[in-house]
Structures are given as C-alpha cells and as structure tokens.
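The next block holds one structure in the form of structure tokens; read it before the comments.
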Amino acid sequence: MPRAFITGITGQDGQHLAEFLHGKGYEVFGMVKGQNNPRMVQMRDEFPYVEPVPGDLADLPSLVKALEYTQPDEVYNLGAISFVALSFNQAELTANITGLGVLRMLEAIRMVGGAQNNSIRFYQASSSEMFGKVRETPQTERTPFHPRSPYGCAKVFGHDIVVNYRESYDMFACSGILFNHEGPRRGLEFVTRKVTNSVARIHLGLQQEIVLGNLDSKRDWGYAGDYVKAMWAMLQQDAPDDYVVATGTTYSIEDLVRLAFAEVGIEDWQNYVRQDPKFYRPAEVDLLIGDPTKAREKLGWEPEVQFPELVKMMVANDLALESKGR
Ligand code: GDP
C-alpha cells in the first residue's frame, strides 16, 4: 500500500486529495496542528480512513517526527496561510508558514533520508497568485512572477526553494502552479463561496444583501476535485517538474455574481449587492488566465468541470446546507 502524508489536510484541497488517494488504495496520513483543533471532529466523521498526525509547519522537529512515523512515499505540502486578504494583516506569519514552511518540509525530508534515491516524492502547492501583476497572458510555466500580496511573495519563495532543492540535491520535488480552484468545500472567506452561500441565504430569506469588494478582477476558476488529480499525476512521472494547472478560461467577479443569482431566478442582482472598500485589497491581481497545455500533454490532465457548472454545484450545495439550518 503506498503511503501519503498531507499537510493542510483539513482544508479544501486536503479533503479532496485524501478522498482521491484513498480511492487509489493509499494509506493516508494528515498533519494536524494545534491542540483541540476544531476541524478534527469533521475529519474523523467524514474521513475516518485518514490517520491524523500532530505537526506544525513552523516546527521543523515536528515535521521530522511526522515523517519518521508515517514513512511516506509521497508528501503533499498543501498547508499554508492561504487567504490573500489575511496575508496583508498577518504578513510575517504568512511568510513563516506559507514560505519558510516549504523549506522546513524539504529539510525534514532530507533529514530522514527521503532525498536519497527519491524515496520520498514531494508536491508543493504553488499558486497563480505568484503571477500577480501579470507579465503576459495567458500565464505559463515560463511566465515571470510579480506577486501582489504577502501571500504571493511567500508562495514565490516556496516555489523557488523547491526548484533549488530539486537542482541542488536531486530531489523528486514538483510544484503545481494551481490557478483558483473552488467547490462546496471552499471556506466562506473566498469570494466564490461567499457569493454562492449568500445567494442561497438571500433566496431562503435568511439574508438581505451581499457586501463585496472589487467586482472587476478576473480569475481562472476550476473545480478543486479535478485539480487534486493533477497533483498526484505530477508525482507519478519519471522526472520531477513544474506544471500550470488551470482551465484556460477567465470570468470576472461580476460574472460569478450574475451566474450565482441566476441559479435562484434573480436577474436584478444589482439590487442585492453592495460594495464596501473594506473588501478591497491594498494591491490587486486584476487578471489571471492559465495555459494548461503542458499539464494536458505531459500528465494527460484536463479539467472536467467548467465554471458555470461549478457555480451551479456550489449554489445547490449551499441551498441544501442553508435550508436544513446547516
Ligand atoms: P484569491 O484569488 O486567492 O485572492 O481568491 P479570493 O476568492 O479571496 O478573491 C478573488 C477576487 O475576488 C479578488 O480579486 C478579490 O479582490 C475579489 N473580491 C471582491 N469582493 C470580495 C470579497 O468580498 N471577498 C473576497 N475574498 N474577495 C473578493
């Protein structure tokens, strides 16, 4: 039975990946930080096959211990402070966990001998936020980075250190440059889920309006369930490499809002949306659109769910959740 160790197991991608790897016959270990972690109960109930292992990306010895205990074939580093808006308020914490956490995990792998003979294969969750103020459109693996937030800067460090360790120590270390990926498990702080959940609540009479920031920015949004398959596929190749994972299409926040309201039969969405500067960011990523050609050609990966279908899925999920009182 192959063994996988996942950081960020309680997040959206950790859950999808755990489900996918379990389906492939993996033994799945998930790193859980802190005492009395509130998400543990949900993990135990929904993912009984995941064995929780204590550890923290801020604590190198804990990572070494976790690797010694789990003896993984594959490590997926999905753990991060992942919310861009929060990263402006907690920039140092973001640099420490989202950036230096990658270095600590790579060092931990070397310390347990995982770099030798590629006995541990490593996946790093890189991000389209690294492209930031984009230098070219669409963005590929060769597009220069220009991050626009402490989160983006930390992800650039994580990405570069993976490339450096691959080149320096011959490690099997890959980065997936994943564009935004969403779904019913997305946290309510992200704009897709905030919108679909609010639309459901407005439809059910539980809420009057949605308060948003910038409606003009554009994102290449895919479905998280599709994207974790690309993570796994990267680690099954003969050689480690970096890949853009995206749909190749882009929609604005306004498109998202319009599509979500249309799902509950509301066309005059403007009457339900208010904008507030507090949701604007000090620096914005205006446009993201990825070119997934390499992932398609080398990994055989293709997104199955397109954006309108994704919005439909998320609104339906939020309607079901909110109508039974969560
Ligand atoms: P990101 O691409 O990782 O920053 O994902 P988010 O879902 O947090 O934000 C996507 C885009 O939606 C950004 O351009 C935000 O500025 C924009 N946006 C507009 N209003 C909101 C809001 O109320 N919440 C969030 N999270 N984003 C918003």
Side-chain angles (χ1 to χ4, degrees), residues 8 11-13 78-91 94 97-99 125-134 137-139 145-156 158-159 176-202 207-224 227 244-247 249-261 269-270 272-290 307 310-311 313-315 318:
Q12 167 187 257
D13 292 4
L78 314 184
I81 305 289
S82 66
F83 185 37
V84 170
L86 179 74
S87 81
F88 284 101
N89 290 324
Q90 301 189 3
T94 304
I97 304 302
T98 307
S126 282
S127 163
S128 56
E129 289 290 317
M130 301 188 304
F131 296 124
K133 195 172 165 60
V134 296
T137 297
Q139 295 85 52
F145 300 139
H146 186 144
R148 296 274 277 172
S149 62
Y151 169 78
C153 294
K155 282 287 180 186
V156 170
H159 184 87
I177 306 174
L178 268 53
F179 282 60
N180 294 53
H181 43 287
E182 318 289 319
R185 290 172 174 155
R186 195 58 146 149
L188 288 168
E189 67 274 33
F190 291 90
V191 75
T192 50
R193 185 78 198 292
K194 179 174 173 178
V195 167
T196 62
N197 183 261
S198 299
V199 163
R201 290 175 60 83
I202 289 169
Q207 189 175 319
Q208 308 297 321
E209 62 174 4
I210 316 181
V211 187
L212 293 170
N214 177 14
L215 300 185
D216 299 327
S217 59
K218 293 182 164 177
R219 292 288 181 273
D220 180 332
W221 276 299
Y223 173 50
Y227 284 38
V244 159
V245 181
T247 67
T249 56
T250 195
Y251 289 86
S252 67
I253 312 302
E254 187 175 317
D255 295 330
L256 158 72
V257 171
R258 191 170 16 80
L259 285 167
F261 272 110
W269 59 266
Q270 290 89 343
Y272 298 86
V273 173
R274 184 161 60 83
Q275 284 178 278
D276 187 323
K278 83 173 175 201
F279 290 111
Y280 280 77
R281 290 165 182 186
E284 179 62 282
V285 173
D286 296 318
L287 165 74
L288 290 175
I289 176 163
F307 187 61
L310 176 64
V311 175
M313 177 202 299
M314 291 177 70
V315 172
D318 277 313

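Whatever order the structure lists them in is the order used to number ligands and atoms, beginning at 1. Values in this document were obtained by computation on a predicted structure and should not be read as measured data. What's counted below: heavy atoms across the whole structure, side chains too, no hydrogens, waters or symmetry copies.
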(message) Return the OG1 to CG distance between T94 and L86, rounded to the nearest 0.5 Å.
(response) 6.0 Å
(request) Not counting sequence neighbours, which residues clear side chain to side chain contact (heavy atoms under 4.5 Å, CB included) with A260? List them please. (result) V195, V199, V311, V315
(request) Please list, chain by chain and in numerical order, all residues satisfying side chain to side chain contact (heavy atoms under 4.5 Å, CB included) with E189, sequence neighbours excluded. (result) F83
Just the distances, no angles: every ligand 1 N or O to protein N or O pair closer than 3.5 Å, one line each.
from: ligand 1; atom 1: 2 (O); to: E129; atom 2: OE2; distance (Å): 3.0
from: ligand 1; atom 1: 2 (O); to: N180; atom 2: ND2; distance (Å): 2.9
from: ligand 1; atom 1: 2 (O); to: R219; atom 2: NE; distance (Å): 2.7
from: ligand 1; atom 1: 4 (O); to: R281; atom 2: NH1; distance (Å): 2.5
from: ligand 1; atom 1: 7 (O); to: V191; atom 2: N; distance (Å): 2.8
from: ligand 1; atom 1: 8 (O); to: R281; atom 2: NH2; distance (Å): 2.8
from: ligand 1; atom 1: 14 (O); to: S217; atom 2: OG; distance (Å): 2.6
from: ligand 1; atom 1: 14 (O); to: R219; atom 2: NH2; distance (Å): 3.1
from: ligand 1; atom 1: 14 (O); to: E284; atom 2: OE1; distance (Å): 2.9
from: ligand 1; atom 1: 14 (O); to: E284; atom 2: OE2; distance (Å): 2.9
from: ligand 1; atom 1: 16 (O); to: E284; atom 2: OE2; distance (Å): 2.6
from: ligand 1; atom 1: 20 (N); to: G213; atom 2: N; distance (Å): 2.8
from: ligand 1; atom 1: 23 (O); to: K194; atom 2: NZ; distance (Å): 2.7
from: ligand 1; atom 1: 26 (N); to: E189; atom 2: O; distance (Å): 2.9
from: ligand 1; atom 1: 26 (N); to: R281; atom 2: NH2; distance (Å): 3.4

(request) Any pair with a residue in residues 207-221 that passes salt bridge (Lys or Arg N to Asp or Glu O under 4.0 Å), sequence neighbours left out, goes on the list, sorted by first then second residue, please. (result) E129-R219, E209-R274, R219-E284
(message) Tell me whether the rings of H159 and F145 are parallel (<30°), tilted (30 to 60°) or perpendicular (>60°).
(response) perpendicular
(request) Determine, for R193 against D318, whether the closest basic-nitrogen to carboxylate-oxygen distance falls under 4.0 angstrom. (result) yes
